[in-house]
Amino acid sequence: MAATNFNTENRTYRQLMGNGLIYRVPRFQRDYSWGEEEWEDLWQDIQEALSPEVQSPHYMGYLVLQTQDNRHYDVIDGQQRLTTISLIILAAMRVLQAGAPGRPVSPEDERRLVQLRASYIGYLDPVSLVARNKLSLNRNNDSYYRDYLVTLAQTLPQRGFPASTHALRKAFEWYSKKLADRFHGIADPGPEVARFVESVTDHLFFTVITVSDEINAYKVFETLNARGVRLSATDLLKNLLFSVLSKEAGPEGDLDELERRWEVLVGRLGSESVPDFLRTHWNSRKPLRRESELFKSVRSTVRTREEVFRLIREMDEDVDPYLALTQPESSSWGSDLKRSANELRMFSVRQPFAMLLAARRKLSDTDFEGLLRACVVISFRYNVIGGYHTGEQEQAYHAAAMRMQKGEVSGLGDVLIGLRGIYVTDKQFHADFSEKVLKTTQSRNAKIVRYILTKIEAQLGGAQVDGVGDRYSLEHIFPQWPGEGWDSFSDRDREALTYRLGNMVLLEKSLNQQAGNSPYVVKRPLLQQSQLEMNQILVAEFSDWTAESISKCQVLMANAAKAIWKISQLSN
């Protein structure tokens, strides 16, 4: 932990707001976005935590802060939760300010208001009456929060504000109503309201991670995201770009233009996809960077206004092909390109993406289409069937991207030559395929097996089969749950042979239902009735179904596969 210069501790909301600590949501952090569903969830959590039967702390999750002096903190992640809790406290203060029905606010409640404000909100300058807050929000939300909510204004204006500001106001009003209902009918609600606030701030606690700079903040994001805790790494990247721009005296409107273009980009990609896209984009143009190195590289490279807008322009250029690779069904690509992109997605292969972005920029349409098809073949041989380590593969794809970026290739042939090292040889591919096991209890594997069988059927001269449609089912000849007639197969055989490619065929659904878990002597006539060429070959070749039959059948399939998934320029 010391090497990355951050520390972690659990702290209640009361502890967070004590000792004169100041929290700032960075100017260009995303706006307040919680709605009624999140307000209700938090309210129910508070109700449960404070109930007499429970009376236990409620965990609010991670809070990521950045500081240089351990007094002033930038809120890197957690601003929605911090903001909402402050609105709950302000709503409680509104109830105190209203006083008991029919009489003015008591001196005791006035003192309670002063104390709650000083403890959790901040203070009002006695001369200017300007709020000096413990929490300040981003550029779109802070002025409304400071001028109307913190001051407990009698009338909250509703016109001329962005949607996120309306969300702030509605959250304050929503909690104000909840609290008014909670204390309705109490003759002197002041002590109960104060007790409620004190209990809430003592029962809500966070795991606080404090870092010293953006690099360490990004390392926290990587670590927590790897553990399934999704944090807004996109916001951290955004803040970096805006901080660079804010430090330069550029033309008026630069910040607004960057905001507009960033929001369009994030809107198209989705917030969680931005870091993945950025790495793919970066590696298509610059030296290869692992995910852990990316943020540091961006920070060290993008230092001026010109570099910020160049990065945004280049990202804009690459976003369409990236989306077409990751979401092919909604792209404008032709059917052949969509088919290849869908195959890569089915394989769960993304290693070629950076190279393909470079190719889209540098190659002709025909050469790009050929390269995408070649990536499907390479991926099928290397990743799906071979299961080889992807480190070498990523290096090869990146080298090809750099050659294209530098203008060192004349066309598809030059690119393919550079990929020879990750093209599994025919001999090795045949050997790998002949032994391949794909457990079809996993939906991805079941799709891949159907895809393989569909391609082999076409290669054998059979019909063009829709392997994902309703007409055909995936038949395991030696069943997944064998019944009578399979006594020659041991339990060990079941584990080893059931999911061998040679044990699986496509079969018309009606025939498959008849076959069930029956022995081969029953299944063989049903296979013979099938219209598929592969099934006719199988029936003619194998009068019985044994472990040896499965192995021989898989070799026959490997012979066909070697011809299907092939790049002529690279085969030997």
Side-chain angles (χ1 to χ4, degrees), residues 264-265 267-270 272-274 276-277 279-281 283-284 315-385 390 393 397 400-401 404 411-412 415-416 419 422-423 438 442-459 462-472 474 506 561 563-569:
V264 169
L265 190 69
R268 298 188 65 195
L269 289 163
E272 289 190 359
S273 297
V274 172
D276 291 335
F277 164 70
R279 180 172 183 261
T280 304
H281 156 80
N283 287 340
S284 77
M315 289 170 73
D316 282 341
E317 184 180 6
D318 286 341
V319 71
D320 276 330
Y322 178 84
L323 287 172
L325 288 168
T326 56
Q327 304 169 30
E329 67 285 343
S330 57
S331 77
S332 60
W333 282 0
S335 57
D336 289 342
L337 287 172
K338 283 186 177 181
R339 185 182 306 111
S340 295
N342 266 314
E343 288 170 349
L344 285 180
R345 184 168 66 172
M346 177 174 56
F347 299 163
S348 297
V349 167
R350 300 173 68 94
Q351 287 79 17
F353 282 9
M355 179 192 72
L356 289 168
L357 293 188
R360 197 59 175 160
R361 298 191 300 266
K362 300 297 183 179
L363 297 184
S364 68
D365 289 348
T366 301
D367 281 353
F368 176 77
E369 185 174 332
L371 182 59
L372 183 54
R373 269 197 316 271
C375 286
V376 171
V377 173
I378 291 171
S379 300
F380 186 78
R381 288 187 172 218
Y382 192 102
N383 303 84
V384 177
I385 300 301
T390 57
Q393 194 181 38
Y397 284 133
M404 284 185 277
L412 175 60
V415 179
L416 292 179
L419 300 179
I422 57 172
Y423 180 73
L438 283 169
Q442 300 173 12
S443 60
R444 169 180 170 269
N445 285 350
K447 289 178 183 178
I448 290 174
V449 171
R450 283 174 170 267
Y451 162 80
I452 292 170
L453 295 174
T454 298
K455 293 286 189 180
I456 290 176
E457 179 67 20
Q459 179 67 19
Q464 293 292 329
V465 176
D466 180 6
V468 298
D470 293 333
R471 183 177 178 185
Y472 298 96
L474 189 58
L506 292 175
I564 298 167
W565 291 279
K566 179 176 183 176
I567 300 175
S568 299
Q569 298 99 308

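We're numbering straight along the sequence, starting at 1. Predicted model only: the values in this text are computed from it and were never measured.
For the ring-ring contact (aromatic ring centres under 6.0 Å, His included) test, no residue two or more places apart in sequence or in another chain qualifies with Phe353. Considering only residues two or more places apart in sequence or on other chains, Gln393 meets the side-chain hydrogen bond (donor to acceptor under 3.5 Å, both in side chains) condition with Asn383. Partners of Lys362 under the side-chain contact (heavy atoms from CB on, under 4.5 Å) rule, at least two apart in sequence or in another chain, are Met404, Gln405. Qualifying side-chain hydrogen bond (donor to acceptor under 3.5 Å, both in side chains) partners for Ser348, counting only residues two or more places apart in sequence or in other chains: Arg444. Residues satisfying the ring-ring contact (aromatic ring centres under 6.0 Å, His included) criterion with Tyr322, sequence neighbours excluded, are Phe277. Asp276 is linked by a salt bridge (Lys or Arg N to Asp or Glu O under 4.0 Å) to nothing, counting only residues two or more places apart in sequence or in another chain. The side-chain contact (heavy atoms from CB on, under 4.5 Å) check on Arg268 picks up Val264, Val319, Asp320, Leu323, with sequence neighbours excluded. Evaluation of the side-chain hydrogen bond (donor to acceptor under 3.5 Å, both in side chains) rule for Gln327 yields no partner, not counting sequence neighbours. Checked against side-chain hydrogen bond (donor to acceptor under 3.5 Å, both in side chains), Arg471 has no partners two or more places apart in sequence or in another chain. Gln442 meets the side-chain contact (heavy atoms from CB on, under 4.5 Å) test with Asn445; sequence neighbours excluded. Considering only residues two or more places apart in sequence or on other chains, Lys338 meets the side-chain contact (heavy atoms from CB on, under 4.5 Å) condition with Ser331, Trp333.
Tyr451 and Phe347 have perpendicular rings, their planes meeting at more than 60° on a 0 to 90° scale where under 30° would count as parallel.
Here Glu343 pairs with Lys455 in a salt bridge; the nearest charged N to carboxylate O distance falls below 4.0 Å.
Open room surrounds CD on Gln464; 12 or fewer heavy atoms of other groups in view lie less than 6.0 Å from it.
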Can you list, pair by pair, the side-chain donor-acceptor contacts under 3.5 Å of residues 367-374, counting residues two or more places apart and other chains?
{"unit_1": "Asp367", "atom_1": "OD2", "unit_2": "Leu412", "atom_2": "N", "d": "3.2"}
{"unit_1": "Glu369", "atom_1": "OE2", "unit_2": "Arg373", "atom_2": "NH1", "d": "3.4"}

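How far OG1 of Thr326 is from CZ of Arg350: 6.5 Å, rounded to the nearest 0.5 Å.
Between Ala324 and Ala341, the shortest heavy-atom distance links the atoms O-CB, 3.9 Å.
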